[in-house]
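What follows is one structure encoded as structure tokens, with my remarks underneath.
For the single chain, residues carry numbers from 1 onward in sequence order. We count ligands from 1, going down the list as the structure has it; atoms in each ligand are counted the same way.
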Amino acid sequence: MTAQSTNEYHDTDPARPEASSASRMQAVNGHYANGDTPASSEPSYERVQIINDEKQFTPDLTNQVQRWGLHNAGFDYDIVAVFGSQSTGKSTLLNRLFGTNFDVMDETKRQQTTKGIWMCKAKGMNVMVMDVEGTDGRERGEDQDFERKSALFSLASSEVLIINIWEHQVGLYQGANMGLLKTVFEVNLGLFGKKTADGRNQRTLLLFVIRDHIGTTPLANLKATLAADMQKIWETLSKPQEMQDRQLSDYFDLSFAALPHKILVPDKFESEIQELRKRFVEKGREDYVFKPAYHKRIPADGVAFYMEGIWEQVQTNKDLDLPTQQELLAQFRCDEISTAALSEFNEQAKPQRRPIESGKVVEGLGSMMRNWRKGALDRYDRDASRYHPGVYKRKRGDLVSVIDSTLSPLFLGQLKNLHKACLASFKKEMLDGLRGEGYNFAHVVATARECCEQRFVEGGREVLVEGTDWSYEEELASLKEEMKSVADQCRKDETKKMVNLIERNFKRQISEPVELDLNRPTADMWDKVLTVFRETLGKTEASYLAKAKSFNCTDEENVAALASLRKRAWLALRSKIDEQTADAAFLSKLRTYFEERFRYDEQGVPRVWRPDDDIDGAFKKAKDQTLELIPLYSRISPIDKSLEYTLPSEPSDPLTSTEEFDFPSTLVIFSETKAQDLGTRFRRDADAHYVEAKRSTVSSVAQIPYWMYGVLVVLGWNEAMAVLFNPLYFAMLLCMAGSAWIIVQLGMVGPLFQVTRTLGNEMHRQVNNRLREHFSQPALTQPVRSRSVSNGQDGEENELRELRSNVTEPM
Ligand SMILES: Nc1nc2c(ncn2[C@@H]2O[C@H](COP(=O)(O)OP(=O)(O)OP(=O)(O)O)[C@@H](O)[C@H]2O)c(=O)[nH]1
């Protein structure tokens, strides 16, 4: 059978029927009998040509390892390779030992079967078995390049190298491939000479399997010969300077086995094969071959990449450097694992980006981030920690920094959103707390601040991720700053409100006492008013200061607020005074004051003027006393100068829109002109009272003389007697008297007069209308009436003029 040169052929390849049939073995009770492949219910594993005869490495090994189910095996696997001359039963041996299905030569043709290097998984064991093209290949002639390279490759990548050798080859130099081994050892000394990352030597077990052992030469002798040959080879190696003292045993363990002739003593051959197999399977045995020391410490998922790297170096004839290879592999694999972990992490983190960007506080973001981060790192640690520790750590650091740089914007965004939310709730709590009366500003601010700070700190802590140097302190400081400025603004507003309220209270408090004092004009009127003002202002200032304390106002603010309060209080007083001294009110005050002195006597009894009363004197006195009030009212000036109140004047300022405040001018109630005008108007009023008083004396002079009553009795005597003595008249008189009495008793006199008057008026109106209609002269009445009115006024004016001349004459 001719082996094909590509990795396409395997036992299912229809183009290779012989290979398929030849490789079909049967396994009975764990051993394989009468054939080359096991025939249990478990299917044979697919093999793969990892290096074809064109010396190319297959890109499919990774997938194949996965298909064999070894991808996640970590270090729990072993690699074994075979080395030996062509057609010495290598494939047969491997198939029997491991249940693999490597091609076996067709007995009749005797030509090379295995081309390149094949790999297959052992049946029921986590062992990768490599079948290597035989040395001394007739097909390759003098070209020893491939056999050297494949031997090098096998040695570098496997834990156990089976050296397959005929018994009759033992002791030969070329026949036993000793020359080739020497070359390979030489080249590889560089490889094995270097220590691994964990400081140990790479060790390999060289298992010599002596085929067709007839038994005439005892195995012990063969062993000794082979060991001596190996030692000889080692000693004659041209070693690098620094490795001159290295021994064969520093790098290799030698082990031996002999198998009888397969054709001549097949049963014995089979039983010895089974015995040899135990050395690969039974871990407790002393001669167990897969000792941990031989393991290359490459995780199963990185084997393909590792082997490819080694092959590349073998190919390019570079100095083989296993540690560097392991590092390269670790870099590659750690990158791969890191990328996979990162992509899963990114998938998890992505959905939270939008809500954070839109300003939402995502609940439980911290625990989510911690989980994503931990998940990614755990995954990385699980898969990558088996690789070169230095690379693993370095790549882990890179992964952590990428993860953290992805999480950092979420962290910062969450903090920012939390900041906004806390500030909003701070404002709301302030508003709620400052609603209504009787709140303590400082307490409200402190409660709201504490609550919001606590919320922020809790949220900030939640979003922290262990292992990062993130902190929320800076954001917290900025939040505190903003809360302070909000509280300050609020305090200013509240202070303003408080000052307004205090001003309103002040106005209410001074209103009545000031009104009373202004209505009782005495010389110390302003003293009283200012005393009230000072007392109330004192209380007001005290109440402001008490409140300002809870507002945490600064001294500067207090000074400004008190100045404003004083000014406003003064203006409030002034407006109250203005209200009380408005023209009408002030004239009414003067009138009242005058009337109290002119129309009432000292006991407060209304005066009835008699002709002999000194009306003129009383009038003059009352008038003069009243006129004296005008200068009193015209300026706020207390007798006691200590009661005087002063405020600083303020010029107008267009920038702060403060109007001009000229304190001295606020002390003046009436100007000179105004005082004169008021005096004139008052005099006119007083004159009217004087006329009225005079008139009342005239009407009292025009009394009915007493004798008229005698005349009335004399003239009306008969009529009175007629009424008294006529029963009808008398009865009528009694009825009328009775009715009058009842009306008086019921208090109906007033209403009765009202009804009578209304009736009279109505009748008068009706009659007028009728007459107007009848004579069609409606305008006649108007001139008559207006004339009579104007006559009346003129008459009064004339009369007043006449009286004045009478009054002034005696004076
Ligand atoms: N004498 C003898 N012949 C054997 C033994 N094992 C296998 N053979 C025969 O040797 C021939 C070659 O067997 P393979 O297993 O194909 O040998 P190989 O070394 O893998 O050959 P290549 O892959 O071509 O290098 C076959 O005809 C086998 O039947 C053995 O132990 N003794």
Ligand 1 versus [X], non-hydrogen atoms closer than 4.0 Å: side chain, backbone, both, neither?
X    : result
H261 : side chain
R211 : side chain
W166 : side chain
D212 : side chain

| said: Given 3.5 Å as the limit, does a donor-acceptor pair link the side chain of Y380 with the main chain of Y392, or not? | reply: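 Confirmed, Y380 side chain pairs with Y392 backbone.
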So which atom in [X] and which in [Y] form the shortest heavy-atom distance, rounded to 0.1 Å?
X    : Y    : value
H295 : Y77  : NE2-O, 2.8 Å
A258 : H213 : CB-ND1, 3.5 Å
V132 : K90  : O-CE, 3.4 Å

| message | Can you tell me if L259 contacts ligand 1 (heavy atom of the residue under 4.0 Å from the ligand)? | response |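 Under 4.0 Å: no for L259.
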| Hey, is F102 one of the residues with a heavy atom under 4.0 angstrom from ligand 1? |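 Under 4.0 Å: no for F102.
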| task | Could you check which of G134, P266, S87 puts a non-hydrogen atom nearest to atom 21 (O) of ligand 1? | result |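 Going through G134, P266, S87 one by one, S87 has the nearest heavy atom to atom 21 (O) of ligand 1.
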| query | If you count the atoms of ligand 1 from 1 in the order shown, which ones are under 4.0 Å from a heavy atom of T88? | reply |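 Under 4.0 Å from T88, ligand 1 has these atoms: 17 (O), 18 (P), 19 (O).
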| task | Considering the heavy atoms of F269, write down every atom of ligand 1 situated less than 4.0 Å from one of them. | result |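 It comes down to these atoms of ligand 1: 31 (O).
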| message | Distance check, rounded to the nearest 0.5 Å: K223 atom NZ versus T217 atom OG1? | response |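 The NZ atom of K223 sits 14.5 Å away from the OG1 atom of T217.
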| query | Can the positive tip of R203 be found less than 6.0 Å from the middle of the six-membered ring of F252, inside 45° of the ring normal? | reply |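 Cation-pi check for R203 and F252: fails.
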